[in-house]
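Chain naming here is simple, since letters A, B, ... match the order of the sequence lines and numbering starts at 1 in each.
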Amino acid sequence: MNVACKLTLSYALRHPARMLLTSLAMIASACIVVWVVSGYDALASQFGRQAAEYLGRYDFFIVPEDPKAPFLDMDLVASLQKDPDVAEVTPVTQQPTRVVNPNTFPDMDDGPGGPGRRISPLPLGEGPGVRAGRGQRQSGNVLSAHRPHPNSLPKGEGTGPRRGAPAGGRQGGRPPLRFFVPVSPTLVGTDAASPPYPMVKGTWIDPKHPERRGAVIGKNAAEQLDLKLGDEALVIFGPKEFQIKIAGLIEEGPSQMGMGRRMRPPGSDASRTGIEAGPASSAIYVPLALAKHFTRDQAKINLINVQLKPEAKARTAEFRKKWEVQIAKARPIASLLGVEDIKSGMEEGMMGSRVKQQAWAATGLSLLAALFIIFTTLSMGVTERVRQFAVMRAVGLTRGQVAQVIAAEGILLALIGWGGGLLAGWALLAFSASRQPGLFSAGATVGLGCILFTGLSSLGGALAGSLLPAWRSMSVQPLEVLSPHRLLRPNCFWTVFSGAVGLALIAVNPILVFVAPSSFSLDSDNIYYIYMAVGCTTMAVGFLLLTPATIVIVERLLGPVVAWILRFEPRLLRNQLGSNLWRTLGTTTALTVGLGLFVSMQIWGYSMLEPFKPGDWNPDVLVSLQRGGLPDAEIRAVQATAGIRAGRCIPLAVEQPKLASDITGSEGRQSVIQQNNVIMIGLDPEAALSGDDPLLDVKFVEGSAKEAIAKLKQGRYCIVPDHFLRATKLKLGDSFSLIPPNLSPLRAPRSGRGEGQGVRGASPIRTVKYTIIGAVKLPGWHWMTKFSGLRKREGRSAAMVFANYDDVQKDFALRQVNFFWMDVDPGYGAKHMDEAVQVARRLKDEAKAHRPTFGPPTEEDKPLDAQQAAVLLVGDALQKIAERHPGEKQPVNMQGTWTGPAIMFGESVRITTPEIIFDRITGRAGSMIWASCTLPLVTLLITSLGVVNTVMASVRARRWEFGVLRSQGVTRWGLFRMILAEGLLIGLITCVLSLGFGVFSGWCGTGISQYVSFFGGLNPPLVIPWLPLAFGFGLTLLLCLAAALYPAVATGRTEPLRLLQEGRAAL
Amino acid sequence: MNASCHSASPLQIEHLTKCFRQGEAVIEALRNVSLTIRRGEFVVVMGASGSGKSTLLHVMAGLTRPDGGKVAVDGEDLAAMADSDLTRFRRRRIGLVFQAFNLIPTLTARDNVLLPLLADGRGDSAEGRLNDLLDRLDLRKRAAHRPDALSGGEQQRVAIARALIAQPSIVLADEPTGSLDSVTGQGICRLLQEMCREQQRTIVVVTHEPAVAVWGQRIVVLKDGRVLTEFPTAQFADVHALAAHYQDIVSAP
Ligand SMILES: Nc1ncnc2c1ncn2[C@@H]1O[C@H](COP(=O)(O)OP(=O)(O)OP(=O)(O)O)[C@@H](O)[C@H]1O
Ligand SMILES: [Mg+2]
C-alpha cells in the first residue's frame, strides 16, 4: 500500500470519532444536494411527457414567428399536404374570446376566492392576472392569463383552474340576470376531422356543418362555466354575441407553466414569439368557417398542426430537416415546433425558475459547507501532526508524499460524503415519497445528474478544502521534531493587513451599488451583472479576509465576558482561538456561510418589506363600492355619516388606464410585472391636500402642495410618486398620455408584445394627456391598491397618480362614485363601542355563512379599539347608503375581491385600512422570508457538526495542556467550563461575522433591487429585524454550546494522568 | 502551614500498588512500595527505565489513584479525597515539574507561573512573591514571553517557579533536567536545593542521572516497581563514587 494511504487510514482509525463526525457532516451536506436536485429532476422529467401531451396526436406545430404578422402563409399548408410522409395538415385559427354561460348567475364571492380562479369580472377579458396568486411557482415571465393575444398560450395559469374551485354559480331562485362572468378560453377554428386531445364526453365538431353551431370545449373551462353537454353558450367577440351549442368536452393540453419569454431559443431577439404561439390549452373548438363568421373574417390562420403517417413517425428528424428551412423561408416567417423544441423550451423556461435557482443554491451552499468542513478537519490534522510530519520528513519522505497524506484524507472524506450522501438522500426521498405521495408526482429518482452534482460538491469541496492544509503540511521542516509545539499564533502584521484588505474589498460592493450607477450612468442590467459578478465576490472574499482580525478582536473583547459568565479565570481562555487560527477560521467561516445567509436574507427581506408597508400618508379608511355606485347626490350623505371626521371625507374618481407609450420601459424587462398602466385617482385637490393636516398627508419631493392644488384645479395636471419620475425619466412639467379603457375595448393596444391583431391603425386610439406638476413620496401604495379594489383592470401598476376629480371623471367616463377616502373619529367609536361590537358580531356571523375570513377587528379575544370601532360603524352606515343604489358589479382585479385583506359590509362596501394591510403583509412576508431561510438554517445545522469536530480537535491537541492544568489544580468542572467557553466564543465570533456580512449584503441587496424592475422605485431603508436575528444567533450559540458539550464532558471526566500521557502520545 | 502539617510527616506511603491494564496484559508498575519522607528533605528516586519512578510520582501527586495501599500528604489520605478536593489539594500543597513540555504554550511565562493561583482564582494575590521568584530564577526579562520563545532551561525555570508559587509543602519533579544540558541541569538542581533549604520545602526528584542525584539527601532506588534499597548521599565523596555505587546496586542480580 502507498505510504500516504497507509498513514491516512491509520490516522482515520486512530480517531474514529472525528472520522465519524466529519463523515456525517459531509454526508449531510451531500444529502441536501440529492434532495434538491432530485426534486428538480423529478420536475424536469415530466417535461418529456408533458411536451408529448401538449402535441396531442400531432407531431409538429407550425407557428408564426413574426409578432408583426401573427399569421401563416397558406401556401405552406398546400405544400405540406403534398409531402408523402404527411397524414394530416390542419390549419387553425386561434382567437381570444369570451365565453359565458347565460344561465348562470355567478357569485364572485362564493368559494374560496383563491388565486386560481379564472373568472374575470371585467367586460374586456383583460381580467385580473392570476400571476400574483400563491399558486404560482414561477417567479418571472408569467404574463396575464387572460390577455387575449391571439398567439399567446394562456401561460402561467394552467394549474389555476384545476386547483381552483369550480366557478359554478348558484342557480336556484335567482333570475337569470345577465351578469356575465366571462371565462376566456381561446376560440379555436379548425376543420380537423378528429380532436387534438382525447374527448371526455360527446362528439367532436363537424367541420362540414358549421351552421349547426356545434362546439367542443375544454373540460376545465366547461367546469368553470358550469356548461354541460348540450348546453347553449355565448361567444362574445367584440360587440357581438354568438350562440353555440356544446357538442363535446375535451381534455385540455397541459399548461405551459414554464413557457415564458425565456423559452425562446438563445440568441433570439426579444420580440420573437417562439413557442408562445403554440396551441391554447384552454380552448373552445368550432369549425373554421364558424370562427371566421364570428370574427367577421378577421381570423387568419395562425397555427398549422401536422401529423405524420404512422410509418413516417420514426423519421421525424428527417422531416424536420426537410421542412425547417422551407418553413423559415415562408412569408410571414414561421417556425416548426416538435416535441424536442417544446421540451427544451420548458426546460429553458425552468432555467430561471425558483426550482432551478434552489438547486444551484443548494449545491453551492453544500459545496461551501463541504469545503469548510474538510478544510477545518484537515487543518486540525496538520496542526496536530506537525511533529509527526517533521519525523516523516526527517526519515526521508518528500514534501509531495506528506501533502499526499492530507490530500488522501480529503478525498477519502469526500468519497464517504458522496456515497453516504447519495444513500442518505435516496433514503430520505423514498421516505418522504412514502409519507407524502403527491410530493413527487413523477417519482423521485436519484438520477445521473444528481449523482454528478453531489460528487461535484463533495469532491470539489474536498479539493479546495485540502489545498491550504496540504501546503502547510509541506512546509513542515524536519527540524520541527525538536521544537515543543508549533504554535500558529496570529501574526499581528498579517492579521491587520488582511483585515485592512478585507475592509477595502467589502467596501467595493456598496460603492458599486450605491455610488457607481449614478456617477457612471450604467444601465440597470449591467449594474445587476456587475453586482453579481464583482460585488458579491469581493464582499465574500473581504469578509473571509476580515475573519482573522475578527477572531482576535472578539476573543480579546468577549473572552473575558464569557470567562466571567462561566466564572473562571479569563487568562486561561486567552488566545486559545487566536492561537489556533486556521482551525478557528475554518469553523467560523463554515458557520458563517449558514448564519450569514440567514441574517442577510432576514435583513434583505424585512428591508424590502418596509416600502410596502402602508405609509402615514394614507387616510384612515379607503372605501370602495364594488356593486353599482353612488350618484353624485349621495356624496353629501356619505360625508355626513356619523363617525367620519368633519370635512375629512372625499369622493375619488378611479380608473386604471394603460400608458399610451412604454415610458416605464416595462416591455424590455424580464419582470413579473408589466408596469404599463397607472392608477388614476381623481380628487378635490383643495379638500385632499390643503391645510396643516391634510387628509392626504403626502410629502412633496418636487413641487409643493400649494402650487399643485392651484394647477390641479386648472385641469389635466397630476401628481405622481417620486419613483415614477425616476423610472420614466420624466420631469415636472412633462406630460404623458393614457388610454381610457372603456372607450375602445378591443382596440386598446395590449401590453407587451403584440399590438392586437393588426387592428392598430384601423381607428386612431383616443388618449388623454396629463402634465406632471408634483412628485410625492407614497410608501406602500402598492399594497394599498392591491386588495382595496383600486386596481380595476390589471394586477399591477406603475404608479398611483393624483389628478383633479372632474378631469378623471370626464376622461374615463365614470358615471357613479365608487371610492371614498376618509378619516374616522375614534371618539365616536369609543362612545358607541357596544354598537360596534354588534357590527363586528354580525360581520363575523355573515363571514361564517358566506365568507371565509375577515379583518382583525372581529377577533373576539382581541377587543376592538376606538379606531376600529369607528371604522366598523362607518362601514355599517355606508352599507345602508350603498344598498339604496344596487347595480352591476364593478371591474376589479382578483385580489380586490379577496376577503382577508379588507372588510366587506354586505355585497358592495369594501373597506381597506392601512392597519389591516399592514397586518396582512407583515404576516405573509414574514412566512415567505422564513421559508427562504430554510436552506441557510440547514447549512448552519450541518456545519455545526464541524464545530464538534473543531472543539474536539482543539481539546485533543491540548490534552497534555489540560493534563498540566489539572495537575496544577484546575478542577474538572473548571476544565469543562473552559471548553464550553471555547465553543461559545466560536459561536460569538460567528454571530459577529454573520451580522456584519448580513447587514452589508442585505443592504447592498436592497440597493440592487432598485435596478430590478419588480422592486423599482421602492428605495427601501435598511431594517434590521432583531427578533428573527436573535433567534438565529441564539440557535448558533446553542449549537456551539451543544457541540462543545461532549468534548467538555469527556475531557472533564478523564483522569489527569491520562490527559498527560495521551497528550504526550498525541504529539 | 498549620499545626497538623508540622506534626504529620509531609509524605507517607504505605504498601502502594499500581497496575496498568492493557487489554489482557496487566502491568504492575508499583508493587508494595512504602516510603516516608521527612519535612524539608530532598529525596531522589532512581531506577532503570520502566522501573516505576514516574508512576510513583504521579500517585504521590494525586494525578492517578493507586490500586492498593495508602498515600498521605501532610497527614491527609489522598485516596479518601473526592476529585475536586484532590485537585484543590494539589493546587495548594503540591508543586509539579515535568521533564519537558511543561508549559501552556498559549500563556506567557508570567501567566504560566501564576497558573496554580489562577486556577484558584487568586491570580493577583501574589505579585510580590511572583516578582521575587522571577528575580531568583532570573526570569524577570522573559516574563512576557511565551514558552516557544524560551530556551529549555528557561522553560524549566518557569516550571519550577510555577511549582513554588503556591508555596506547596512538597515539590515533585520528574526528570526536571532530562532534556537539558549538564550545566543547565546543574543550575536547575542548585535552584531546587536552595529553594528547599530556604523555604523548608520537601522535594522529591525522579532521575536516573547520578549528577542530579548527588544534590539530594537520600536516594531511593526502584526496580520492577519495588523499592530495591535506599541510602543517604552524604557518604559519597563525589558524583563518580555515587554513580559507581548505583551501578553496583542496579546491576546486581
Ligand atoms: N498508562 C499506562 N498504561 C500502561 N502501562 C503503563 C502506563 N504508564 C506506565 N506504564 C508502565 O508502567 C511501568 C512503569 O512506568 P514509569 O513511567 O513509571 O517508568 P519510569 O521508571 O518512569 O521509566 P523512565 O525512566 O523511562 O521514565 C512501565 O513498564 C510502563 O510501561
Ligand atoms: Mg519516567
Side-chain angles (χ1 to χ4, degrees), chain A residues 383 387 480 482-490 555 559 563-564 567-581 954 957-978 982 1052-1061 1063-1067, chain B residues 18 20 54-55 57-59 61-65 82-108 110-124 146-150 152 155 159 162-163 165-166 168 172 174 179:
Chain A
T383 314
R387 282 165 63 88
E480 285 181 61
L482 302 175
S483 78
H485 246 298
R486 191 162 119 125
L487 251 193
L488 291 152
R489 256 186 299 119
E555 189 174 34
W564 181 81
R567 316 199 136 268
F568 64 85
E569 174 56 44
R571 268 172 280 194
L572 293 181
L573 193 67
R574 193 193 289 168
N575 285 327
Q576 204 42 259
L577 296 173
S579 302
N580 297 289
L581 198 60
S954 160
R958 288 185 292 150
R959 278 179 94 79
W960 162 260
E961 221 174 293
F962 288 140
V964 173
L965 283 175
R966 289 281 278 134
S967 73
Q968 298 302 321
V970 173
T971 57
R972 51 174 56 159
W973 171 230
L975 214 56
F976 173 82
R977 285 174 300 169
M978 267 176 70
E982 203 171 320
R1053 288 172 61 95
T1054 312
E1055 195 179 45
L1057 180 64
R1058 268 197 58 205
L1059 289 176
L1060 280 169
Q1061 288 183 326
R1064 204 160 21 172
L1067 297 171
Chain B
K18 172 77 188 172
F20 291 107
S54 297
T55 309
L57 203 78
H58 293 150
V59 174
L63 291 174
T64 187
R65 290 176 190 278
D83 183 82
S84 54
D85 296 331
L86 191 60
T87 307
R88 214 162 300 125
F89 182 82
R90 189 161 61 228
R91 195 189 284 166
R92 292 176 190 167
R93 301 273 177 83
I94 295 172
L96 270 169
V97 181
F98 301 100
Q99 177 180 355
F101 317 133
N102 250 316
L103 307 177
I104 305 298
T106 55
L107 296 183
T108 60
R110 194 188 135 85
D111 287 342
N112 262 299
V113 173
L114 284 175
L115 199 57
L117 299 183
L118 293 179
D120 220 8
R122 28 183 199 124
D124 303 316
R146 267 176 249 277
D148 55 353
L150 300 177
Q155 287 188 37
R162 184 180 63 191
I165 189 80
L172 302 172
D174 192 354
S179 54

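Between the OG1 atom of B:T55 and the CG atom of A:L1057 there is a distance of 7.5 Å, given to the nearest 0.5 Å. One distance of note links CG of B:D85 with OG1 of A:T971; it measures 11.0 Å at 0.5 Å rounding. Interatomic distance, A:Q968 CD to B:I165 CD1, rounded to the nearest 0.5 Å: 11.5 Å.
Nearest heavy atom pair, residue A:G969 against residue B:R90, reads N-NE, 4.3 Å. Here the shortest heavy-atom pairing between B:L63 and A:E1055 reads O-CG, 3.4 Å.
Contacts of A:R966 with chain B are made by both backbone and side-chain atoms, with heavy-atom separations under 4.5 Å.
A:W564 pairs by the ring-ring contact (aromatic ring centres under 6.0 Å, His included) definition with nothing, not counting sequence neighbours.
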